[in-house]
Amino acid sequence: MISVVLVGAGGRMGRAIERAAESADDLVIAGRVDEGLAERLSEPGSGGPAAGYGAGGEAAPGGWNGVVRPGDVVVEFSSPEGLRRAAAVCRERRVPLVSGTTGVTSGEEAALDALAEVAPVLRAANFSLGLLALRRAVSAALRGLPDDWDIEIVERHHRAKVDSPSGTALALARDAAQARGWDDGVVRHGRSGRVGPRPGREIGVHSVRGGTWVGDHAVLVAGQGESLELRHVAEDRAAFAHGALAAARFVAHARPGRYGLEDLLGE
Ligand code: NAD
């Protein structure tokens with residue numbers, strides 16, 4: 001049985017993972033951390049997640065240190081601060097980490113690299129398998145098209161999302177740049193004013209925010225008199241939650257090091 005500690009347990013993704021874990025028989029959510037609601041822990045048998053999520057929940061004795069134990073797997077969907085803290089605690093305990101937080105900087109990446117020296121770390125900006133298929137399709141399509149077709153990426157997310165563009169849109173832009181043999185400097189975030197004609201060597205990225213969109217990414221490739229649109233729509237966070245649990249199963253038995261979703265699929 002894999003024992004999972006969920007960081008960001010009270011958030012949208014935390015709750016989706018909790019729901020997905022209910023139908024798994026090889027994995028149990030043994031601890032929960034969510035600083036937004038005070039650091040706390042809900043042990044199995046203590047009333048389940050509902051016990052932890054009411055208003056004014058009490059702090060767990062020992063905070064993180066009382067929750068994460070050697071032998072656990074930490075699954076983190078919280079914030080860049082939560083990610084850093086999770087990486088530090090996991091390093092101390094030599095515990096594997098699955099991380100999905102987006103909007104991270106080189107500081108968080110360095111914390112994950114440090115953890116990867118002693119434990120497996122699987123990080124992905126998007127845990128949906130359909131999105132992985134989109135990434136592959138985009139690379140294949142671009143390799144089959146002339147270099148003068150323009151590439152634009154449009155992403156839509158719910159109104160509460162705090163980072164823009166989405167980590168997934170940036171990953172798609174990197175894939176597209178790589179397929180063309182360009183460096184990352186070609187990415188352009190939105191356009192406004194008299195920007196002049198579009199340069200050929202540019203990848204436009206546009207963020208739409210509103211309502212409850214879970215995650216929608218479209219890659220548009222436009223040539224002379226024709227265009228192509230490749231799009232993935234996540235309708236439910238279950239799409240990411242099942243991928244995150246599959247990642248937890250993978251890191252539970254992996255060697256120390258950095259991994260991505262591709263490794264999970266044995267590529
Ligand atoms: P959310 O705001 O609903 O939930 C985040 C939770 O984390 C909150 O309950 C908050 O209190 C808690 N938290 C924040 N900082 C913390 C800290 N320092 N320690 C402990 N808990 C902390 O957000 P969400 O929609 O669940 O998304 C969380 C993150 O996951 C975001 O970065 C989002 O972009 C990302 N995300 C990634 C994927 C993916 O597939 N990789 C999918 C969806 C969302």
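Just follow the structure's listing: the first ligand is 1, and inside any ligand the first atom is 1. Everything numeric in this text was worked out from a predicted model, so none of it was measured.
The two residues P120 and R255 make their nearest non-hydrogen contact at CB-O, 3.4 Å.
Between R12 and ligand 1, an N or O atom pair is found at a separation short of 3.5 Å. Residue V33 has no N or O atom closer than 3.5 Å to an N or O atom of ligand 1. Considering both main-chain and side-chain atoms, S79 comes within under 3.5 Å of ligand 1 through a nitrogen or oxygen pair. The shortest N/O to N/O separation between T102 and ligand 1 falls below 3.5 Å. Checked by distance only, ligand 1 and F127 come closer than 3.5 Å through their nitrogen or oxygen atoms. No N or O atom of V7 sits closer than 3.5 Å to an N or O atom of ligand 1.
In summary, the atoms of ligand 1 found under 4.0 Å from a heavy atom of K161, numbered by their order in the structure, are 34 (O). Here is the list of ligand 1 atoms found below 4.0 Å of a heavy atom in G10: 9 (O). Atoms of ligand 1 found under 4.0 Å from any heavy atom of G100, numbered from 1 in the order shown, are 30 (O), 35 (C), 36 (N), 37 (C), 38 (C), 39 (C), 41 (N). When each atom of ligand 1 is checked for a heavy atom of G82 under 4.0 Å away, the hits are 17 (C), 18 (N), 19 (N). Taking every non-hydrogen atom of F240 and a distance limit under 4.0 Å, the qualifying atoms of ligand 1 come out as 40 (O), 42 (C), 43 (C). Here is the list of ligand 1 atoms found below 4.0 Å of a heavy atom in T101: 30 (O), 32 (O).
When G11, S78, A9, G8 are ranked by how near their heavy atoms come to atom 28 (C) of ligand 1, first place goes to S78.
Here R85 has no heavy atoms under 4.0 Å from ligand 1, in either its backbone or its side chain. If you look at A244 next to ligand 1, there are no close heavy atoms at all, none under 4.0 Å. Counting heavy atoms under 4.0 Å from ligand 1, residue A124 touches it through the backbone alone.
Side-chain atoms of T101 come within 3.5 Å of backbone N or O of S78 as a donor-acceptor pair. A donor-acceptor pair under 3.5 Å links the side-chain atoms of R91 to the main chain of A114, judged by distance alone.
When I153, V219, D150 are each tested for a side chain to side chain contact (heavy atoms under 4.5 Å, CB included) with I203, only one passes: I153.
Under the 4.0 Å criterion applied to side-chain N and carboxylate O atoms, E155 and K161 are not assigned as salt-bridge partners. In this structure, D216 pairs ionically with R231, as a charged nitrogen and a carboxylate oxygen lie closer than 4.0 Å. Taking 4.0 Å as the cut-off between side-chain N and carboxylate O, E262 and R136 do not count as a salt-bridged pair.
Between S106 and E109, the side chains place no donor N or O within less than 3.5 Å of an acceptor N or O (distance only, hydrogens not considered).
Residue contact annotation: R84 has no non-hydrogen atom under 4.0 Å from ligand 1. Between A125 and ligand 1 there is a heavy-atom distance shorter than 4.0 Å.
Note on residues 118-127: pairs passing side chain to side chain donor-acceptor pair (under 3.5 Å), not counting sequence neighbours, are S99-R123, N126-T168.
Contact of the V74 side chain with the V68 side chain is registered, since non-hydrogen atoms from C-beta on lie closer than 4.5 Å. For the pair H206 and R156, the minimum side-chain heavy-atom distance is 4.5 Å or more.
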